[in-house]
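Here is the structure we will look at.
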Amino acid sequence: MPSVHISDAVRRIKPSATIAAAQKAKALKATGVTVYDFTLGEPDFNTPEHIREAAKRAMDAGHTHYTPSGGLPELKKAICAAYERDYNLKYDPTQCLVSNGAKHSIHNVLAALAGPGDEVIIPTPYWVSYSDLVELTGATPVLVETTEASGWVMTAEQLRSAITPKTRLLMLNSPTNPTGAVYPPETLAALAKVVVEKDLWVLSDEIYEKLIYGKNEFHSFASFGDAVRERTIIVSGVSKAYAMTGWRIGWTLGPVELIKAMDTLQSQETSNPCSVSQHAAIAALTGPQESVEQMRRKFEERRSFVLSRLRDVPSITFAEPGGAFYAFFNVSQHFSKPLGTSRCSVSSATELCAQLLEDAHVALVTGDAFGAPGYVRLSFATDEKTLAAGLDRLKSFLTT
Ligand code: PMP
Ligand code: GLU
């Protein structure tokens with residue numbers, strides 16, 4: 001067999017740790033074991049009925065062919081109308097590109113803007129794919145550490161000191177995966193000032209925009225004045241708000257010139273996102289919005305439940321998530337101590353996750369994957385019964 005020479009670009013990246021953790025949990029489940037799986041960040045709810053019905057109608061009406069590579073004009077119009085309705089942000093459809101999920105949108109932005117010699121600023125903890133997608137382009141991720149004590153929020157001073165003449169782009173994500181942090185408007189305004197002054201581009205990943213709890217508020221980064229908006233590329237999609245992860249529809253909103261460049265790339269790489277999914281996304285954005293709020297309320301209840309249970313787990317610490325559907329907590333006080341029924345000892349969050357799965361059949365994702373050693377992520381996008389049983393098991397595993 002000839003040896004396969006994998007390109008330098010692809011050799012630079014690792015498999016997605018969230019997807020790998022979910023596959024490990026599934027493999028254990030397949031052996032007949034009951035697994036308490038809190039790995040994947042995906043709503044457990046079914047896609048609302050009116051959206052599914054729209055997809056069926058689209059298929060029956062013959063919308064099963066190629067569409068324009070960058071998405072249907074009707075969908076682009078629906079996306080722009082939703083931003084005006086929800087955030088009073090006016091975009092023209094020429095400033096919109098529809099892609100195969102928000103992950104694809106992020107790849108498009110990075111591929112169009114970054115390359116060897118460029119630096120991309122990413123606050124940590126960051127969503128697993130950010131650094132790898134930057135490295136795929138040959139650019140260098142510059143990680144800016146935020147802390148639990150500061151609510152996992154990067155300050156304008158931190159941003160300023162990370163900027164060099166090579167800085168090309170800042171990646172922001174609020175609400176944040178994996179911490180659930182929601183950047184306060186004052187912090188966003190201060191970051192926006194630095195962005196304009198230093199003439200940076202910003203990729204603002206706003207995929208959790210509709211999942212906000214308590215007194216927290218969502219503010220799009222593009223809403224902090226025209227100068228910021230001109231430099232901001234919004235990334236979002238239907239995956240989280242409408243429970244549509246499998247449909248693979250994401251989008252970017254930004255300057256026409258960049259949108260055109262990304263459309264060219266997409267026309268060569270993937271052509272259009274799935275035609276039927278695009279029709280479903282039109283129904284999601286233009287149809288009744290009650291289900292979005294119903295699901296958000298459910299997530300908020302689960303969040304309260306999970307946090308109250310976590311407060312009972314010995315020697316862990318966390319900052320309360322203000323959005324998304326993750327609890328992110330520090331387990332480092334449990335290192336080098338006997339854990340669970342096997343009385344094993346671990347020295348990292350990655351080892352702890354492996355032992356927790358083996359001993360207690362509870363699956364979490366290690367903070368190492370998000371650039372936050374000592375932490376683990378629990379997705380509460382799952383039903384209450386599984387959460388209750390899994391949290392009991394987590395507690396007994398960590399009660400020494
Ligand atoms: N950004 C963040 C912060 C995410 O957590 C995810 C995970 N789904 C994505 C982007 C990608 O979303 P999609 O499934 O639409 O590709
Ligand atoms: N974004 C989700 C997560 O963080 C889905 C998995 C993925 O796309 O990596 O779990």
Side-chain angles (χ1 to χ4, degrees), residues 1-28 30 39-42 66 69-70 97-122 124-143 164-171 173 177-178 201 203 205 233 235 237 239 245-246 248-250 252 258-274 348-351 353-354 357 363 365-373:
M1 282 287 275
S3 70
V4 181
H5 181 79
I6 305 295
S7 68
D8 286 351
V10 171
R11 265 190 292 154
R12 278 196 293 270
I13 61 173
K14 308 172 288 300
S16 160
T18 42
I19 292 175
Q23 278 170 357
K24 228 171 129 188
K26 278 205 182 82
L28 184 60
T39 53
L40 266 196
E42 77 165 331
Y66 293 133
S69 57
L97 182 78
V98 186
S99 304
N100 300 277
K103 193 185 272 184
H104 184 211
S105 302
I106 296 170
H107 166 71
N108 280 342
V109 176
L110 292 169
L113 284 181
D118 294 331
E119 292 178 351
V120 177
I121 297 178
I122 307 175
T124 71
Y126 54 84
W127 179 45
V128 270
S129 298
Y130 284 5
S131 60
D132 287 274
L133 288 175
V134 168
E135 289 194 44
L136 190 61
T137 70
T140 306
V142 173
L143 305 180
T164 75
K166 292 181 180 166
T167 306
R168 189 89 175 102
L169 182 79
L170 161 67
M171 292 178 81
N173 175 215
N177 179 0
W201 286 96
L203 185 167
D205 179 348
I233 306 111
V235 170
S239 295
T245 46
R248 312 307 304 134
I249 296 291
T252 30
L258 176 63
I259 294 292
K260 269 194 191 151
M262 295 193 297
D263 194 354
T264 302
L265 175 67
Q266 189 161 301
S267 76
Q268 294 290 14
E269 276 191 339
T270 64
S271 300
N272 61 276
C274 168
S348 69
T350 303
E351 282 178 27
C353 287
L357 183 61
V365 184
T366 172
D368 292 317
F370 306 105

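This one's a predicted model, so the numbers in the text were calculated from it and none came from an experiment.
Contact check for V142 versus T167: no side-chain heavy atoms found under the 4.5 Å cut-off. Put simply, the side chain of H104 reaches to within 4.5 Å of the side chain of N108, judged on heavy atoms. Looking at heavy atoms from C-beta onward, R248 lies in side-chain contact with S239 at the 4.5 angstrom threshold. Using a 4.5 Å heavy-atom threshold, the side chains of W201 and I233 count as touching. Between P273 and Q266, the closest side-chain pair of non-hydrogen atoms falls below 4.5 Å. You'll find the side chain of M262 reaches within 4.5 Å of the side chain of V109, heavy atoms only. Two residues are said to be in side-chain contact when any heavy atoms from C-beta on lie closer than 4.5 Å; D263 and S69 meet this criterion. Side-chain atoms of T264 and K260, non-hydrogen and from C-beta on, never get closer than 4.5 Å to each other.
Once rounded to the nearest 0.5 Å, the distance linking CG of D118 with OG1 of T137 reads 7.0 Å. In this structure, the separation between OG1 on T252 and CD1 on I106 is 10.5 Å, given to the nearest 0.5 Å. Distance check, rounded to the nearest 0.5 Å: NE2 of H107 to CG of L136 gives 6.0 Å.
Looking at residues two or more places apart in sequence or on another chain, you find a ring pair (Phe, Tyr, Trp, His ring centres under 6.0 Å) between Y130 and W127. Take T39 and apply the side-chain hydrogen bond (donor to acceptor under 3.5 Å, both in side chains) test, not counting sequence neighbours, and it matches D37.
Nearest heavy atom pair, residue S105 against residue V235, reads CB-CG1, 3.9 Å. Here the closest heavy-atom approach between residue L169 and residue L203 is recorded as CD1-N, 3.8 Å. Pairing each heavy atom of I122 with each of P141, the nearest pair is CD1-CB, 3.9 Å. Nearest heavy atoms, F370 versus V128: CD2-N, 3.8 Å. For the residue pair C274 and N100, the shortest heavy atom distance occurs at N-OD1, 4.1 Å. The two residues K24 and L357 come nearest to each other via the heavy atoms CE-CD2, 4.2 Å.
Without hydrogens or angle criteria, R11 side chain to I6 main chain gives a donor-acceptor distance under 3.5 Å.
In summary, of the residues considered (V134, L113, L133), a side chain to side chain contact (heavy atoms under 4.5 Å, CB included) with V120 occurs for V134 alone.
Residue pairs meeting the salt bridge (Lys or Arg N to Asp or Glu O under 4.0 Å) criterion with at least one member in residues 125-137, sequence neighbours excluded, are K14-D132.
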